[in-house]
Amino acid sequence: MSDTPTDISHDQVAVRRQKLADLRAAGFDPFRANCEQTHFSDDAKKCYVEGEDNAVRLSVAGRLVTFRIQGGSGFVKILDQQGQIQLYVKRDVLGVDAYAAFKKLDFGDFIGVTGTLFKTKAGEITVRVESYTLVSKALRPLPEKWHGLTNDEQVYRQRYLDLIVNAESRKRLMQRSRIISYVRRFLEDRKFIEVETPILQGVAGGAAARPFETHLNALNIDFVLRISLELYLKRMLVGGYDRVFELGRNFRNEGMDRKHNPEFTMLEVYQAYSDYRGMMTLVRDLFQGLCRDVIGSDTIKFTDKDGNTHDINFAGEWREVRYKDLITQFTGDANWFGRAKDEKIAYCKSIDLFVDPAWEDFEITNEIFSKKIEHTLIQPTFVTHLPKELCPLAKINLEDPGVIDVFELTIGGMEVAPAYSEQNDPDVQRAMFEAQAGGEQQKVDNDFLLALEHGMPPAGGMGIGIDRLCILLTAADSIRDVILFPQLRPSAAAATDSAPAA
RNA sequence: GGCUUCCUAGCUCAAUGGUAGAGCAGUUGACUCUUAAUCAAUUGGUUCAGGGUUCGAGUCCCUGGGGAGCCA
């Protein structure tokens with residue numbers, strides 16, 4: 001086969017390039033070919049009529065991922081977006097030349113085939129190939145078929161390889177797409193309108209986080225990338241959109257770990273004439289629908305950070321508990337909120353919890369919540385009546401002016417969805433902003449306050465971290481497993497590794 | 001940012017400081033219902049990069065790069 005002087009049989013790329021060159025020399029260029037795809041793999045298999053082999057003719061296409069040739073016939077499998085389908089090729093059907101060429105195909109090549117459906121002795125619905133076309137040559141080999149690709153770095157940098165060889169990754173990331181699709185349908189069914197608001201903002205509002213900074217040359221002005229969707233969506237309430245949502249990317253220039261990627265996807269929903277209690281119903285209906293539609297079960301498996309497994313049950317009513325009660329229960333001190341700061345600090349010391357003496361009282365208390373309590377809330381839990389200092393954008397509770405009308409939905413020990421009765425009093429809102437800005441007037445979004453002065457209807461609002469939701473529902477270990485291309489340091493090797501052999 | 005740990009063939013992994021190996025994949029051959037197909041033969045390495053210690057380094061030390069985990 002080879003009249004080249006050097007043996008290239010050990011070099012898989014060279015072998016594949018030689019095959020490509022041979023095809024071209026024979027007058028066929030796979031990169032100039034195409035094929036028909038009448039069915040995806042799963043849809044094709046559903047077309048099989050029980051007991052009637054070779055009654056249905058169709059065309060499928062995909063990447064070769066299994067190759068079992070035995071003499072004059074063989075079975076191969078191709079992978080498309082729905083999964084795999086088996087193909088049966090036979091010399092007697094294809095003809096000697098076409099069959100010989102088929103045997104030279106490699107793992108990873110894209111082919112299109114036309115043929116009829118039948119069921120093998122082993123019971124697998126299979127396409128009996130009448131003709132095929134090579135429509136793209138893979139010049140590099142795939143990772144190993146049995147162990148797949150396990151090198152984390154390569155999984156993230158070359159996600160396409162992970163998707164080809166690791167079925168769980170493919171499934172998990174497909175589920176993410178279905179989750180997002182379901183969220184849209186769910187909200188649209190309830191007459192919510194999807195909008196798109198600016199990512200480049202003058203003031204990074206709606207949350208407390210360090211933003212990415214950038215510069216708009218045309219106006220010679222510094223901008224930041226948004227850290228939240230909130231303030232622009234509320235402007236939509238002012239503008240008369242009663243039910244509005246945005247599903248989009250936020251950016252926070254902070255740490256990266258199993259739960260944080262610098263860019264992440266948030267859903268925010270605002271419903272006029274509702275409140276945080278209305279959001280409870282909405283979020284519960286949404287999650288229960290997601291479980292049914294995407295997962296197919298009311299319960300999901302969850303492994304906590306100590307390796308213990310739990311079943312999280314989304315059915316029925318969910319636990320509702322006041323922030324204050326969680327704190328007094330944890331500390332065993334019914335009068336916790338009446339204690340002096342020194343006493344709180346002393347207590348934290350006694351449980352080995354670091355707190356900075358410069359912190360405010362509420363920060364010390366919240367450190368207990370976030371470090372000691374939050375991760376124990378495994379089953380869906382609405383934590384309500386949070387201290388007002390924790391969020392300046394919510395309405396103050398009518399009975400207790402120290403707390404706000406909000407919940408934080410915590411599942412699997414993670415805060416998944418905060419919701420508020422939204423503050424719509426412009427004067428209270430301004431005072432809260434100014435207290436939070438601590439004298440730095442430029443951090444106050446005056447344009448938003450102007451909008452509030454025009455009148456915003458009472459509303460319930462809610463945010464859901466889509467990545468965390470996906471972690472939960474797909475039982476993923478890390479945010480990197482539910483983001484197609486998680487952020488990594490640039491790889492120096494990648495740039496030099498792609499030059500083709502001359 | 002700190003601590004711990006990992007980086008060896010295309011992939012998954014071995015290798016007391018003493019000649020770098022296996023499985024899969026590749027190549028050649030056999031095989032017309034396979035399921036990680038099977039059988040026979042066989043190729044393939046700048047051990048992440050650069051220094052150092054040593055008679056001798058994949059292994060020990062240092063610097064750098066990248067990944068993961070824990071902490072901040």
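In this text, all values refer to a predicted model and were calculated from it rather than measured experimentally. Chain A is the first sequence line, chain B the second, and so forth, proteins listed ahead of strands; every chain is numbered from 1.
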In whole Å, I'd like the distance from the [atom1] atom of [X] to the [atom2] atom of [N].
| X | N | atom1 | atom2 | answer |
| --- | --- | --- | --- | --- |
| A:Ile8 | B:G26 | CD1 | C1' | 11 Å |
| A:Asp152 | B:C11 | CG | P | 14 Å |
| A:Asp7 | B:A41 | CG | P | 19 Å |
| A:His147 | B:G23 | NE2 | P | 13 Å |
| A:His260 | B:A72 | NE2 | C1' | 13 Å |
| A:Arg258 | B:C71 | CZ | C1' | 13 Å |
| A:Leu142 | B:U12 | CG | P | 13 Å |
| A:Asn261 | B:A68 | CG | P | 11 Å |

Spacing of CD belonging to A:Gln175 relative to CG belonging to A:Leu173, to within rounding of 0.5 Å: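 A:Gln175 atom CD to A:Leu173 atom CG measures 9.5 Å (nearest 0.5 Å).
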Parallel, tilted or perpendicular: ring planes of A:Tyr323 versus A:Phe337, cut at 30 and 60 degrees: tilted
Using the ring of each side chain (for Trp, its six-membered ring), is A:Phe382 parallel, tilted or perpendicular to A:Phe407, with breaks at 30° and 60°?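 Rings of A:Phe382 and A:Phe407: perpendicular, over 60°.
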For [N] and [X] - does any side-chain N or O of the residue sit under 4.0 Å from the phosphate oxygens OP1/OP2?
| X | N | value |
| --- | --- | --- |
| A:Arg68 | B:U35 | no |
| A:Arg480 | B:A68 | yes |
| A:Thr126 | B:U34 | no |
| A:Lys19 | B:U27 | yes |
| A:Lys145 | B:A37 | yes |

Assess the pair A:Phe102 and A:Tyr132: is the distance between their ring centroids shorter than 6.0 Å?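 Distance test on ring centres: under 6.0 Å, yes.
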At under 4.0 Å between heavy atoms, what does [X] touch on the DNA or RNA strands: base, sugar-phosphate, or nothing?
| X | value |
| --- | --- |
| A:Tyr99 | nothing |
| A:Gly74 | nothing |
| A:Leu161 | nothing |

Is a donor-acceptor contact shorter than 3.5 angstrom present between the side chain of [X] and the base of [N]?
| X | N | value |
| --- | --- | --- |
| A:Gln86 | B:U34 | yes |
| A:Gln12 | B:A25 | yes |
| A:Asp92 | B:U32 | yes |
| A:Lys77 | B:U35 | yes |
| A:Thr120 | B:U34 | yes |
| A:Gln70 | B:U34 | no |

Closest nucleotide of RNA chain B for A:Phe354 versus for A:Gln487: which of these residues is on the 5' side?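 It is A:Gln487, whose closest nucleotide lies nearer the 5' terminus.
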Taking for each residue the nucleotide of RNA chain B with the nearest heavy atom, is it A:His10 or A:Glu124 whose nucleotide lies nearer the 5' end?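 This one resolves to A:Glu124.
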Using the P atom on both, measure B:A15 against B:A22 and round to a whole Å. 15 Å
What integer number of Å spans the P atoms of B:C7 and B:C48? 8 Å
Among [options], which nucleotide has an atom closest to any side-chain atom of [X]?
| X | options | value |
| --- | --- | --- |
| A:Ser9 | B:U27, B:C11, B:C33 | B:U27 |
| A:Lys90 | B:C33, B:U32, B:G67 | B:U32 |
| A:Glu144 | B:U12, B:U32, B:G26 | B:U12 |

B:U38 - base-pair partner by Watson-Crick or wobble geometry, distances under 3.5 Å: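 Base-paired to B:A30.
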Should we say atom CD of A:Glu213 is surrounded by more than 12 heavy atoms from elsewhere, each under 6.0 Å from it?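 At most 12 heavy atoms, drawn from other residues, nucleotides or ligands, come within 6.0 Å of this atom.
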Between A:Asn54 and A:Leu117, is there a side-chain heavy-atom distance shorter than 4.5 Å?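 No, too far: nothing below the 4.5 Å cut-off.
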